[in-house]
2 protein chains.
Amino acid sequence: MSLRHGLLGLLAEGPASGYDLARRFQEGLNSIWPAQHPQIYSELSRLAKAGLIEVDSHGPRRRTAYRITDAGLAEVRRWLAEEPVDHSFRMESLLRSFFFWLMEPGDLKRRLTEEAAYYAQFAASLREYADSKDRGEWGTGERTRAQRIGVEAAVRVNEALAAWARWALETDLMADEEFGRPRGAAPAEGARSPERGGDTAARGPAGG
Amino acid sequence: MSLRHGLLGLLAEGPASGYDLARRFQEGLNSIWPAQHPQIYSELSRLAKAGLIEVDSHGPRRRTAYRITDAGLAEVRRWLAEEPVDHSFRMESLLRSFFFWLMEPGDLKRRLTEEAAYYAQFAASLREYADSKDRGEWGTGERTRAQRIGVEAAVRVNEALAAWARWALETDLMADEEFGRPRGAAPAEGARSPERGGDTAARGPAGG
DNA sequence: CGATGACATGTCACAACGTACATGTCGTTG
DNA sequence: CAACGACATGTACGTTGTGACATGTCATCG
């Protein structure tokens, strides 16, 4: 249901076509809530059928811009104010990190180095964008300033991940000679043992 | 495809049943890669059919433990080493933040306060778990120490979000009297205007 | 005027995911 | 032994999301 509300939220800024919205999801929002155009177009049809948006105008090349209705605006607001937040992420990058022990040290170092570079670079580009907002280059309206808060969240998450990857490279966990010892493709210790699975180590505290 | 590899990764630690795996996804991994038990059971069947895992043992109450095969182990390793990382997140919390400008100041403050508390608390509980790993309470094996890296990532992301929510509450963006001015449920400025959508403000830098 | 490329929208089939429901086992406790 | 709750696995169905393909428009450039 998040895509539905994401689209309504973007349309609350003003009329836009499916193509516009797809571009915004592709560019700024891709790292936060990925969405491809087929899903966007079909969701728009559904929203229109439900009366939450309506056709605003037709442009060249079959362009169809939608505009949010009062009902739609009320629905985003209701979602924002009343609907409980889903705190679960979905981050492949973090999932992978739980299996780093299966990687050969060389591959792991290479991977972590790439990750650090990626996150640092992305954070920097977001930070630059945030700074340009701070300089007032996007106007000083209420909306712009509030969106600045959202950008800040993305910046901080990416910076945190960049710092994490660097930390992982530098920490003595990596430097330790036992950990650093190269090994072949032999099965990891503990795997395929007949008795019930190893320790319960990876069971962390209950998740939200 | 990530669930598939997530299951293989967990089974690389040693044999486990669908129930065990579902619990681990529910507890530690829920905030990183959510998965319900029906999905896990059906994925296990598929993995078994593909020869990446095999039945290890049968226990009481129809319990069926699986064990990873050589092919399965090779497949996780291939995934970890060769498959490109998908850097897109999926965070409802961040998506919402792009629409904060639609919220009434009171609701927004309440929401941000809740968010700060949630992330701080979750980060703390993860931090405590990480510390117990550092104290060696889960053993000092290669696996445990490497998994410590994954926990650290989760800690840092949650701490970053907690700090962000506090920052958002404290920043003068919030204190500004114009922003703080209460308003009714009237449509936001810019919405439903006849001409094509407002400024292009929210278009950030290209996402990864 | 033909080729090219960005614009713009869509269909279709399938894979992934979530909720609700169904079933049965086993240990504990009253 | 009856009731209960945790253990354990599954089916069925609907929704969400993805990848591949298909179609047509318009501006620009040679």
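Within every chain, numbering begins at 1; the chains are lettered A, B, ... in the order of the sequence lines, protein sequences first and strands thereafter. Remember, it's a predicted structure, so these values are computed and weren't measured experimentally.
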For [X] and [N], give me the distance from atom [atom1] to atom [atom2], rounded to whole Å.
X     : N      : atom1 : atom2 : value
A/D86 : C/dC17 : CG    : C1'   : 13 Å
A/Y19 : D/dG24 : OH    : P     : 19 Å
B/Q26 : D/dA6  : CD    : P     : 15 Å
A/R63 : C/dT9  : CZ    : C1'   : 12 Å
A/H37 : D/dA20 : NE2   : P     : 12 Å
B/H5  : C/dA15 : NE2   : C1'   : 15 Å
B/I40 : D/dT11 : CD1   : P     : 15 Å
A/F25 : C/dA8  : CZ    : P     : 18 Å

Determine whether [X] and [Y] make a side-chain contact, defined as any pair of heavy atoms from C-beta on separated by less than 4.5 Å.
X      : Y      : answer
B/L52  : B/V76  : no
A/R166 : A/T113 : no
B/F98  : A/I32  : yes

Results of ring pair (Phe, Tyr, Trp, His ring centres under 6.0 Å) for [X] - residues two or more places apart only:
X     : answer
A/W33 : none
B/F89 : none
A/Y66 : none

_Which nucleotide in C/dT19, C/dT23, C/dT9 has an atom nearest any side-chain atom of A/S17_ =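 Side chain of A/S17 sits closest to C/dT9.
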*Evaluate the ring planes of A/F122 and A/Y118, with Trp represented by its six-membered ring, and classify them as parallel (under 30°), tilted (30 to 60°) or perpendicular (over 60°).*
parallel
*Report the end-to-end axis angle of the helix from C/dC1-D/dG30 to C/dG30-D/dC1; each axis comes from five terminal pairs, and the value is rounded to 10°.*
10°
*Which residue pairs pass the ring pair (Phe, Tyr, Trp, His ring centres under 6.0 Å) test when at least one of the two sits in residues 5-24 of chain B, sequence neighbours left out?*
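For residues 5-24 of chain B: B/H5-B/W79.
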*Take B/L21 and B/L7 through the test side chain to side chain contact (heavy atoms under 4.5 Å, CB included) and record every step on the way to the result.*
CA-CA 7 Å; B/L21 296 164; B/L7 292 172; 4.1 Å; yes
_Phosphate OP1/OP2 of C/dG10 contacted by A/Y41 side-chain N/O (<4.0 Å)_ = no
Taking only N/O atoms, report every protein-nucleotides 15-17 of chain D pair under 3.5 Å with atom names and distance.
from, atom 1, to, atom 2, distance (Å)
D/dT16, OP2, A/R46, NH1, 3.3
D/dG17, OP2, A/Q39, NE2, 2.2
D/dG17, O5', A/Q39, NE2, 3.0

*On DNA chain C, check which nucleotide each of B/G59 and B/R62 is closest to and give me the residue with the more 5' one.*
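Its nearest nucleotide lies further toward 5', so the answer is B/R62.
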*Mapping A/A35 and B/R61 onto DNA chain D by nearest heavy atom, which one lands closer to the 5' end?*
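Per heavy-atom nearest nucleotide, the more 5' residue is B/R61.
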*Base, sugar-phosphate, or nothing for A/T64, non-hydrogen atoms under 4.0 angstrom?*
sugar-phosphate
